[in-house]
Every structure is written in C-alpha cells, then in structure tokens.
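Okay, structure first, notes after.
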Protein chains: 2
Amino acid sequence: MWPSSAKKTLLSTPTSPLSLAGSADWKTLLANSPTSALALPDLISELQKITRDSGRHTAVVDNTSDEKVAAFYPHFLAAGLSVVTPNKKAFSGPIELYSDILKYKSNDVAGSKGPLVYQESTVGAGLPIISTLTDLVATGDEITKIEGVFSGTLSYIFNEFSTPKGGDKKFSDIVKFAKENGYTEPHPNDDLSGSDVARKLAILSRLVPELKDALPQGYLSVPTHSLTPAPLADVASGEEYVKRLPEFDADYDALNKEAFNNGSVLRYVGVIDVKKAEIKASLETYPASHPFASSLSGSDNIIAFHTKRYSARPLLVQGSGAGADVTAMGVVADLIKIAERRS
Amino acid sequence: MWPSSAKKTLLSTPTSPLSLAGSADWKTLLANSPTSALALPDLISELQKITRDSGRHTAVVDNTSDEKVAAFYPHFLAAGLSVVTPNKKAFSGPIELYSDILKYKSNDVAGSKGPLVYQESTVGAGLPIISTLTDLVATGDEITKIEGVFSGTLSYIFNEFSTPKGGDKKFSDIVKFAKENGYTEPHPNDDLSGSDVARKLAILSRLVPELKDALPQGYLSVPTHSLTPAPLADVASGEEYVKRLPEFDADYDALNKEAFNNGSVLRYVGVIDVKKAEIKASLETYPASHPFASSLSGSDNIIAFHTKRYSARPLLVQGSGAGADVTAMGVVADLIKIAERRS
C-alpha cells in the first residue's frame, strides 16, 4: 500500500500492511510521515522497485480527481503498472491522452501479461455500467442507444421538481436545500452546468466502437445544455449563485408546466444515439409512464442500454451512483479483477 | 471447438475452427460426423489430450440443461478443465454436488492456475446478476435482501393479467396465448409451478455467505407457491392443462381484484431475505408505485439488491432474462473472462 496526498507520502511493505482503524491508521501515519510527496516520476521508480522486490504485479489506484495524475497514466502503464481509478479526467478529456492509454493497456490483448486499466467507478460508481457495456461490445452486440440519468445531483433536483403529479416546489429552493445538505458541489454550477454528465458520456461513447473517435476534445465536444441561467454563468461564489437563483424560478416553472401539460416530466439526461452519431447532455421530457419518470427516486442514476439483442426493451441498471461507499466498491472490484488476471 | 449432441461428437482443431454459416457449418458437420457421442469420461480424456497438445487452458461449455452433464462438473474440474454454463442444474440441486464443485473450482484462490467456473446465464441470462452479486460480496458489502421477477414467462403473464389500472383479461386466456406463442414451456406447469424461480433463488442464495448452506436439497428446499390449481397438478398433457385452466379463472380473478382494491398488482417473485433467513418463491402484491408494478413490461426480469451500501434504495437490474441471444451473450462473456485469466 502506498497512500499519497499532495503533501506527504507514506511507504509500507507487503509484510506490514496499513491499518484502517486506531491510532496507527493510515491517515495518521500519512500525516506524520517524514517523506514528502513524491514527484510522479519518482513514484514510478519506487513502484518498479517494489514490483522487482516482490516479484508481483503492481497496480496504481488513483483516488484523486486530479488532471495531472490522469495525464500521467501512460507513464504508469509504460512502466508496466496497472491503473484503477474513479477519476474521470483521463477518459473524458482530449483524445490524445485517451489514445496513449489505449496504446499501453493490454486489457484485450490475448496472452499479454501487460498492464491493465479498470475504471468502473468513473460512471455510476459501483453500478455495473462500464462492465456491462464492455461485455455487450466484446460479445458482438450492437449498441443503438445509451440513455440515462447520470448525475445523482440532477436526479435529486428533478425528482423533487418535476413529478407525474406536477410539482409545487421552487427550483431555487430545491437547489438551495441540495447545496446545504451536501448533495451538490460547493458551487452548484459544477453540477447544473452538465459538464459532469458530459464527461460520463465521453467515457461511455469511447467504449462504443462506432464512436471511439467521435469526441476529439472529450467532454468539451459534447453539446451540453447548461441549467445555469446565462446571467449567473460568471458568478464565482456558490452562495451568491444560490441567492440569485430565485430570479429565474419563473423560467424553470414554465418549462415544468409545459411538460406537465403534456403528461410528462423533466429529466436531465445524457444520450448517446449511435445511429444518429449524436451525443448530448440535455434537459428532456419523458411521459409519466417512462421508467425515467416513474421509477426514479432520491439521487438514483438510471442507465438504459438499447442494443440489437435488447431491442424490444432496454437493459436497465439503476441505483445510487455516487458516494464514498459505492465508489470504493467499484474500485475494489476492479482491483480484484486485476489480482485475478495478474496473480 | 468440440460440439457434441446426445448422438454425435464433432472434433475440430485449433487450426481449423468450426464455421457458423454455410454448408460446412457446425450443425451440418455434427450431423454428418462419423464419431458417435463420447461418454463423459472419454470426453475428459480427449480434452486433456487437446490441453496437452496445445499447451493451453481448456474450458468445457455445457449448453445443455442436462442433469447428468451437470453431475459431471466435478470430474471436469478435477481434470483441470474450466466450466462455463447456462445450465442451472448443478448450482440449484443437492448441496453435495455444489460442494464438490466448490472444492475444485479456483475462482477465488489467489495465485492458482486451476480451473474456473462461470455461470452468469443461469440467472437472468446475459443480465449482470451473478457478477453483480459476486462483486458486492467480494468487496465486503452485506446483502440484506434480494427480490425480483426471475421468470420471463411469469413476468409476461402477470404484466398482462394485473396492472395498476386493473385487468380485463382472463388468466387462462393469457396462459393459452403464451403457450401458443412459445413463451411458456410445452407444458405450462413447468413455468407455473415456480420451480424455475426456485432454482434461481437456490443459485443466488448460495452466493450469499450467510445462506450458502441454507438449502440442503437446493431448489427443493425452497418454499414454492405453485400457480397450478391442485386438481391440475397431475395433468400430463400441456394441451389438456390449458383446456381445463378456465375452470379456475374465478379464483385467479378474485386474487387480482383483491390486489386492485388495495391499489396493488400481483407479481410472481423470488425473495431472499437474509435477515430472516427466508427464501421463497411466491405470488405477492406490490403497490402501483413500486418498480415491480410500474416499470415492468413484456417478459422482462427485474432484480433488486438491497444491501448495506445500497440501503436507502436498492441496486436494480432489469431487462430480457431469457432467449438464445442474451443467454449466449452471458456464456461468451464468461468465456472471455476465462480467456483473460488463463491465457
């Protein structure tokens, strides 16, 4: 184990593993470690040394959401180190970084003992989204459309705001409550801008053979409908943002009312339409009988895979798609897969 | 490749793989093969020879639903051969056979190069049910309840019969239509008895640590509510069964009406309640707002995992859980996992 923060590095050996609890827990030990944070190239040298000494395969777990660490994945891989991460940055950014990762990872190379990359928690945390899409593609199915509510925060907001029975809450009140209870990022625009959804769409679309090169700039290439009113786009403070949001309640209400009058609800979704080669993050309406309208609650994610085999009705996965516990589940399940393949 | 029917065996080599299409397809070749069906012990000798000659790992794919082939899995495994199958028999029968399989399979044995067993298609065909449950358990989650509509046939029948708006179709008419269109087994009692659901419950409960020894006789130990009226239990002909079923429509109607008057629908479900150590296949009522009532259609399966991590709301997987295409998907995805681990 090799926990590392921006400031410190803590070294341990296979024979003295780190403890999760008590006064000798890894957090305390890391804080008290005399070793300062290793530069990434030095980290690689140390990990290669461990690999040599132990004679065993080594995996890097990146639990940051850091762009710089993500940019370093090709170097980890080139050094023979596998990578597991919930960090979306490497898979949803420019195609060049993504292609570099593909060049080194050997997940699909029969007979290889090279490094592996697993990233289940980058979409839907521990929900089986990436693994299901990978299996569908690997077994020869044809993806026609992937559609879903990918943001737990936006799921919560619209489940409160727009229901088959209408809605009597103000959009701004819901956002305020969500922020105060930690359901949003500190600045709600980070959720309401839709960019987190766009990142998840970039990640999934690159696993669909027809679309693997469709987004040269990653999530920036995804047409993304921001829910932030234009006049608030540059408000730097989350508090100020929430304070001014009521000015726009009438606009949100009008949208909601229009949907309701059509027997529908509003949902912020991501859509990957393979036939039309259209990828978008947007606010859409769904009839009251649709699973996105009727079966969602809380901050659940729901993802529908429409494929040649699942043509009449999609394959659906639903559940909590964010939070420490379920994200850790995806990371540990990925690590187990590496242990199975490289033991 | 080594296809084998009850009558013939067809041998091919790694250098001349079998074709799926045309006059030299595997079906034609198998029918014309001069080699008669190998006894299972002889099959093992032949597969061991292939393993030696090729220097590669060999997997047996059992695409039968044969009890005798299932009983032979421990021998395949003891010979170092992996097993992939959609055949429920070995995993839902007596605990002795299951224990024998566990004894030889090395799925969870770190560092082993021994034989593997994969069985995704035994529950929900290609839907990620077994793999999700396995990941939940392996990463330390605690399963509290698994509940679902596990039978595509019974899903279809009750989606037609009992809806949140009530139902105006006769139970016997729906079963008759389902039989005529191949949605049921040739004898509808094979579906309506609930034993297929009980088998799936046995398979899943054995993957839950607390319940692995709970069912000594497998599916026969699961309390199972048969939908077949007692007077029809011994009717040997499927045609006769369907002809007499209308005699009991009033009974089914009464159940449906009672559910409707309580704002509910009828669904035939399997339940594994870990806390209560209760496993049952039964006809239950669900309120109109419940996903089992509102979001099912056609012959979809839906499975809800209630766990410590997914405590507020379950992890749900939904989609077509039967049929050749989606079953083959599960089998091939399993084979790929073996290739990844033993290449």
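A, B, ... follow the sequence lines: proteins, then strands. Residue 1 opens every chain. From a predicted model like this one, the values you see are computed outputs, not experimental measurements.
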Which bit of [X] comes within less than 4.5 Å of chain A, counting heavy atoms only: side chain, backbone, both or neither?
X: B:Ser299; answer: both
X: B:Ser131; answer: neither
X: B:Asn107; answer: backbone

Shortest non-hydrogen contact from [X] toward [Y]:
X: B:Arg313; Y: A:Ser320; result: NH2-CB, 4.4 Å
X: B:Thr139; Y: A:Met329; result: OG1-CG, 3.4 Å
X: B:Val326; Y: A:Tyr310; result: CG1-CZ, 3.4 Å

Just give me the residue among [options] that pairs up with chain B most often, heavy atom to heavy atom, under 4.5 Å.
options: A:Ala304, A:Gly321, A:Pro291, A:Gly298; value: A:Gly298
options: A:Asp325, A:Thr134, A:Asp141; value: A:Asp325
options: A:Val109, A:Leu127, A:Asn301; value: A:Leu127
options: A:Thr132, A:Ile302, A:Leu315; value: A:Leu315

Flag if over 12 foreign heavy atoms under 6.0 Å of NZ, A:Lys113
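Yes, NZ of A:Lys113 has more than 12 neighbouring heavy atoms, counting only those of other groups under 6.0 Å.
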
Is there any residue in residues 330-342 of chain A with a non-hydrogen atom under 4.5 Å from a non-hydrogen atom of chain B, and which ones are they?
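Answer by number: A:Val332, A:Ala333, A:Ile336, A:Lys337, A:Glu340, A:Arg341.
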
Looking at B:Leu116, B:Asp300, B:Thr307, B:Leu136, which one has more heavy-atom pairs under 4.5 Å with chain A than the rest?
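Winner by heavy-atom pair count: B:Asp300.
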
For the candidates B:Pro128, B:Ala110, B:Ser112, B:Gly319, which exhibits the highest count of non-hydrogen atom pairs separated by less than 4.5 Å from chain A?
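Of the candidates given, the most pairs with chain A belong to B:Pro128.
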
For A:Asp108, is it the side chain, the backbone, both, or neither that has a heavy atom closer than 4.5 Å to a heavy atom of chain B?
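Neither the backbone nor the side chain of A:Asp108 comes within 4.5 Å of chain B.
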
Checking A:Ser297 against chain B: side chain, backbone, both or neither under 4.5 Å from a heavy atom?
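Contact with chain B: backbone and side chain both.
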
